Structures are given as C-alpha cells and as structure tokens.
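Keep in mind it's a predicted model, so treat the numbers as computed, not measured.
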Amino acid sequence: DVKVTQSSRYLVKRTGEKVFLECVQDMDHENMFWYRQDPGLGLRLIYFSYDVKMKEKGDIPEGYSVSREKKERFSLILESASTNQTSMYLCASREGGSGNTIYFGEGSWLTVV
Amino acid sequence: GENVEQHPSTLSVQEGDSAVIKCTYSDSASNYFPWYKQELGKGPQLIIDIRSNVGEKKDQRIAVTLNKTAKHFSLHITETQPEDSAVYFCAASRINAGNMLTFGGGTRLMVKP
C-alpha cells in the first residue's frame with residue numbers, strides 16, 4: 001500500500017513563527033502536492049513538485065514556500081505564520097499524469113495564535 | 001481555469017436509503033472525474049472515478065454518472081450504511097501531465113442508524 005506520512009498531526013504556533021510541515025512518501029512517486037483544506041472550500045492546491053528540486057505554484061501559494069531535496073520528501077514552509085493560515089494541511093503524492101490516483105496523508109492541523 | 005461546484009454541502013439520510021451528491025464543472029475539456037471519501041481524522045481516499053468516454057460506472061453500492069453536455073456528474077450510494085458517513089469530494093481535470101485536479105467544496109454525509 002502507498003503510504004504518505006505527515007510527521008506532525010497537530011501543531012500550535014505563534015504569529016510570526018517559521019513553520020515546517022514535513023511529508024514523506026514510500027512509493028517512489030514523481031509528483032508530490034501540498035493542499036489546504038478549509039470547510040466549504042474543498043481542497044486547494046498550494047504547491048506541487050514533479051521532480052527533485054522542482055516546484056510549481058498552485059492556486060494559493062502566497063505566504064508559503066516548499067522544498068524537495070529528496071524524491072520521497074516534500075516540505076511546506078510558512079515563513080512567518082499568520083492567523084489566516086490556521087487550517088488543515090494535506091500532503092499527497094501521485095505517480096505519472098493527472099489521470100492517476102492521488103494518495104493523501106492524514107493531514108496536519110495547524111493553529112496559529 | 002476549472003471551477004467545480006458541489007451540492008449539497010451536508011446530507012443526512014436514514015440507513016438503507018440512497019444518497020446522491022452532485023457536481024458541476026466549468027471546463028468542457030475536463031475528462032477525468034474522481035470521487036474521494038474522507039473519514040474523520042484521515043486523509044481523502046479515492047473511491048471511484050470516471051473518464052469522459054463513459055457515461056456511468058458502478059462499483060458495488062456506489063456509482064458515478066457523467067453528463068458531458070450539461071457538464072455535471074453525480075455520486076450515487078445505495079443501501080447506505082453508518083460507515084458511509086464521511087466527507088465526500090468530487091474533482092475534475094484534464095488527463096494531461098500538466099493539469100492538476102480541481103476539487104469541489106465537499107459534502108458531509110451522515111447516515112443515521
């Protein structure tokens with residue numbers, strides 16, 4: 001089974017802190033994604049990566065950056081956390097093109113106070 | 001870009017009844033329509049998908065229908081059970097390496113025993 005692991009399930013951070021959300025997948029997938037989930041808004045794509053050291057902006061990249069130094073690991077970085085970034089963050093991976101299954105991690109609940 | 005709208009946002013049914021969730025999309029070139037189920041505390045998981053070369057697909061108690069002319073697709077769950085209670089997301093994309101999934105806002109389905 002594909003496993004996408006998000007190391008932190010619940011985090012509470014202060015406004016202005018730098019926050020790292022880590023994600024690891026074990027299926028050698030080329031593509032990795034970070035989504036944000038908010039009630040009524042569904043899943044919105046923040047950033048994705050189709051290869052090591054490659055990244056592309058999604059629909060809502062403002063206030064976020066990402067890092068992919070190894071194929072299996074994709075990190076989401078909040079340079080200076082703000083209260084409007086309080087949300088559930090989902091990491092995902094996929095092999096090949098957009099007609100293939102996306103596999104999600106269990107999510108990281110981030111609260112910024 | 002693509003825009004996906006999903007209705008209803010919440011749906012409550014009695015165990016054994018059927019449930020229907022509907023989505024509309026805006027990009028007439030979209031040709032891949034997956035449905036994801038998210039149980040409490042977990043990440044979304046693919047339950048069924050349909051491509052534009054078919055109008056209906058069935059897998060045991062779940063089925064998806066697609067009307068490309070009207071640009072809408074629906075998820076049908078028959079003989080609902082309490083374990084069907086979850087949040088369901090529809091999504092749409094073109095089957096192309098460069099295209100990302102666009103998700104609907106989600107439907108919270110509650111099946112009352």
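- Each salt bridge (charged side-chain N to carboxylate O under 4.0 Å, His left out) pair with one or both residues in residues 45-63 of chain A, not counting sequence neighbours, appears once here: K53(A)-E69(A).
- Between the side chains of D49(B) and Y32(B), at least one donor N or O lies within less than 3.5 Å of an accepting N or O.
- Of residues 17-30 of chain A, no residue lies under 4.5 Å from chain B by any heavy-atom pair.
- Scanning for ring-ring contact (aromatic ring centres under 6.0 Å, His included) contacts around F89(B) gives an empty result, with sequence neighbours left out.
- Without hydrogens or angle criteria, N100(A) side chain to E95(A) main chain gives a donor-acceptor distance under 3.5 Å.
- With a threshold of 4.5 angstrom between heavy atoms, Y50(A) does not approach chain B through any atom at all.
- Aromatic ring pairs are classed by plane angle as parallel below 30°, tilted from 30° to 60° and perpendicular above 60°; the pair F73(B) and W35(B) is perpendicular.
- Within the 4.5 angstrom heavy-atom criterion, only side-chain atoms of F33(A), from C-beta onward, approach chain B.
- Heavy atoms of L45(A) lying under 4.5 Å from chain B belong exclusively to its side chain.
- For the options P44(B), G104(B), G106(B), heavy-atom pairs under 4.5 Å to chain A are most numerous at P44(B).
- If you measure heavy-atom distances from Q6(B) to chain A, you find no contacts under 4.5 Å at all.
- In summary, E39(B) and K37(B) engage in a salt bridge, as defined by a charged side-chain N under 4.0 Å from a carboxylate O.
- If you check the side chains of S87(A) and R36(A), you find a donor sitting under 3.5 Å from an acceptor.
- Counting heavy-atom pairs closer than 4.5 Å to chain B, the top-ranked of the candidates G40(A), G107(A), G58(A) is G40(A).
- Each salt bridge (charged side-chain N to carboxylate O under 4.0 Å, His left out) pair with one or both residues in residues 100-113 of chain A, not counting sequence neighbours, appears once here: R9(A)-E106(A).
- For chain A, no part of R108(B) is nearby; none of its heavy atoms comes within less than 4.5 Å.
- For Y47(A) and F74(A), the gap between ring centers reaches or exceeds 6.0 Å.
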